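Everything quoted here is computed from the prediction, not taken from an experiment.
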Amino acid sequence: MLRHLGYVAIARSLDISTGQTCRLRHATPERLRALIEANLVNLRRVLEFNAANAIWLYRISSDLVPFASHPVNQLAWWDEFGALLADIGAYVRRHRMRVSMHPGQFTVLNSLSPAVVRAAIDEVVWHARLLDALGVDTTAKIVIHVGGLVDGREPAIARFVATVRDLPDAVRRRLIVENDERLFTAEDVLEVSRATGLPVVFDWLHHRANPGTARTPADIRRVVTRCFATWGPADGVPKIHLSSQARGARPGRHADWVRVTDLLVFLAVAPRRTFDCMIEAKEKELALFRLRRDLARHDVRERGARPAAGRSSASRAAERRPVSPAPRPERGRVSAA
DNA sequence: AAACGTCAAGTTCCG
DNA sequence: CGGAACTTGACGTTT
């Protein structure tokens, strides 16, 4: 049963960014400080928008803190902006929102290169530090992939497992592992989960692109049931990723919107257990709204539905991006130095 | 003001 | 073996 629908990072309705950055050669402590603050202020606005639209699941951008794991950024940002972060976290808790993060493709915990592994560790560590600074519990997760497959499945998995085992508890207990569209199937990731204890986030599009041996509805149900079983009480309800195949593109490529059929087909094979569903689509929350509308036409609703918080639907409508392009607002934007 | 080339990072696969 | 693709917005220089 579906609890919450969520979306990733950008609220297209708002014309603000939580991922303002700068070029490495322009990075100075002052510049980074200004960018981080602006991104945090905008994150707070996005969360308010979410609450006003009854969206209780949201993935925070990894661009929130520019160069967070790069030596150019020596700021103790978790400290400097501790009050603001705590305030944002309190807002999340007050509205019983669930937030997550997903480090980029460069985060390869199972790389053959020690330097790459070191960088990947730094990356998951800062993501965990951010969620810790918000003061959110361990249902707020960090999504990672198993990584590369250079020297074969077993050694690649073994390196991943060894690296994860040595991570600090505070980091490891936030990690979840996702099946990908080419290299590691859901069954592979279940093996990783057995060895690490990490929950498995099941990506439905990736599974269809890379199903391994789990192809029939009965097989799929078994695999999803096993993925869901990897989520313990401290992890919150299981989560899946949902997107639709972009037409004419390579398998696994996200479409701009989500076709309702893709979720309906999943619901038909899904075990009877409550789960959250993260939408990965270019049209972001607009795809969520459209999916919600389409689901309602099939009499499917989010089980965790609660009334939108904080504002009237009129002020909500006013905040949505108008049909015609609007000028960029100055507020919340770091002006070009 | 708009357009467009470029941007921290890795790995895979194509040509 | 070199380079594009992945996926993608935002920066910042140029027009």
Between [N] and [M], how many Å separate the two [atom1] atoms, rounded to a whole number?
N	M	atom1	answer
B:dT11	C:dG9	P	25 Å
C:dT7	B:dC4	P	25 Å
C:dT13	B:dA8	P	13 Å
C:dA4	B:dT6	P	11 Å
C:dG3	B:dC7	P	15 Å
C:dA5	B:dG5	P	15 Å

**Pi-cation contact, A:Trp204 with A:Arg208 (under 6.0 Å, within 45°)** =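 Geometry flag: set, cation within 6.0 Å and 45°.
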
**Cation-pi, A:Trp56 ring and A:Arg306 (6.0 angstrom, 45 degrees)** =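 Yes, A:Arg306 sits over the ring of A:Trp56.
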
**Item:** Selection residues 210-221 of chain A - residue pairs positive for salt bridge (Lys or Arg N to Asp or Glu O under 4.0 Å), sequence neighbours left out
**Value:**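 Matches after skipping sequence neighbours: A:Asp219-A:Arg222.
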
**Request:** With sequence neighbours excluded, give me every salt bridge (Lys or Arg N to Asp or Glu O under 4.0 Å) pair touching residues 242-251 of chain A.
**Result:**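 Sorted result for residues 242-251 of chain A: A:Glu181-A:Arg250.
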
**Prompt:** Between A:Arg273 and A:Phe228, is there a donor-acceptor pair closer than 3.5 Å when you use the side chain of the first and the backbone of the second?
**Reply:**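 Indeed, once roles are kept as given, a pair shorter than 3.5 Å links the two residues.
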
**Prompt:** Between A:Arg174 and A:Ala140, is there a donor-acceptor pair closer than 3.5 Å when you use the side chain of the first and the backbone of the second?
**Reply:**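 Present.
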
**Request:** Can you sort out the partners of A:His206 under ring pair (Phe, Tyr, Trp, His ring centres under 6.0 Å), two or more places apart, ordered by chain and number?
**Result:**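 Residues passing ring pair (Phe, Tyr, Trp, His ring centres under 6.0 Å) with A:His206: none at all.
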
**Item:** Neighbours of DNA chain B within residues 104-116 of chain A, by heavy-atom distance under 4.0 Å
**Value:**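 By residue number: A:Gln105, A:Phe106, A:Val108, A:Ser111, A:Val116.
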
**Asked** Considering only heavy atoms, which members of residues 179-193 of chain A lie under 4.0 Å from some atom of DNA chain B?
**Response**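 The stretch gives A:Arg182, A:Leu183 as the residues lying under 4.0 Å from the strand, ordered by number.
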
Rounding to an integer number of Å, can you tell me how far [X] [atom1] sits from [N] [atom2]?
X	N	atom1	atom2	result
A:Gln20	C:dA10	CD	P	8 Å
A:Ile10	C:dG9	CD1	P	6 Å
A:Leu64	C:dG9	CG	P	17 Å
A:Asp63	C:dG9	CG	C1'	8 Å
A:Gln245	C:dC6	CD	P	11 Å

**Item:** Partner set under side-chain contact (heavy atoms from CB on, under 4.5 Å) for A:Ala234, not counting sequence neighbours
**Value:**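 Here the qualifying residues are A:Thr138.
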
**Request:** Show your working on salt bridge (charged side-chain N to carboxylate O under 4.0 Å, His left out) between A:Asp299 and A:Arg301 and close with a plain yes or no.
**Result:** CA-CA 7 Å; A:Asp299 249 349; A:Arg301 278 181 186 76; 3.6 Å; yes

**Request:** Scan for ring-ring contact (aromatic ring centres under 6.0 Å, His included) pairs involving residues 147-197 of chain A, sequence neighbours excluded, and state none if there are none.
**Result:**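 For residues 147-197 of chain A: none.
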
In terms of side-chain heavy atoms, does [X] have a donor or acceptor partner in [Y] at a distance below 3.5 Å?
X	Y	result
A:Asn42	A:Thr18	no
A:His102	A:Ser62	no
A:Glu123	A:Ser69	yes

**Request:** Taking only Lys NZ, Arg NE, NH1 and NH2, and the carboxylate oxygens of Asp or Glu, determine whether A:Asp276 and A:Arg3 approach each other closer than 4.0 Å.
**Result:**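 Here A:Asp276 pairs with A:Arg3 in a salt bridge, since their nearest N and O are under 4.0 Å apart.
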
Can you give me the N/O atom pairs linking the protein to nucleotides 13-15 of chain C at distances under 3.5 Å, or say none if there are none?
none

**Request:** Remember a base hit wins even if backbone is also touched, and classify A:Val72 as base, sugar-phosphate or nothing at under 4.0 Å, heavy atoms.
**Result:**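 No contact.
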
**Prompt:** Can you name the residues that form a side chain to side chain donor-acceptor pair (under 3.5 Å) with A:Arg118, not counting sequence neighbours?
**Reply:**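 Applying side chain to side chain donor-acceptor pair (under 3.5 Å) to A:Arg118 gives A:Asp122.
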
**Where DNA chain C forms stems, i.e. three or more consecutive Watson-Crick or G-U pairs with both distances under 3.5 Å** =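 As far as DNA chain C goes, consecutive pairing (with distances under 3.5 Å) yields the stems B:1-7 with C:9-15, B:10-15 with C:1-6.
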
**Leading and trailing nucleotides of DNA chain B with any atom under 4.0 Å from heavy atoms of chain A** =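 For DNA chain B, the relevant span reads B:dT6 to B:dC13.
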
**Prompt:** Given C:dC11, is OP1 or OP2 found less than 4.0 Å from the side-chain N or O atoms of A:Thr21?
**Reply:**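 The answer is no; no side-chain N or O of A:Thr21 sits under 4.0 Å from OP1 or OP2.
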
**Asked** Taking atom CE of A:Met278 and atom OG of A:Ser100, what is their separation to the nearest 0.5 Å?
**Response**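 Taking CE in A:Met278 and OG in A:Ser100, the distance rounds to 4.0 Å.
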
**Request:** Just grab all the side chain to side chain donor-acceptor pair (under 3.5 Å) pairs involving residues 70-84 of chain A, residues at least two apart or on different chains.
**Result:**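 Residue pairs with at least one partner in residues 70-84 of chain A: A:Arg33-A:Glu80.
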
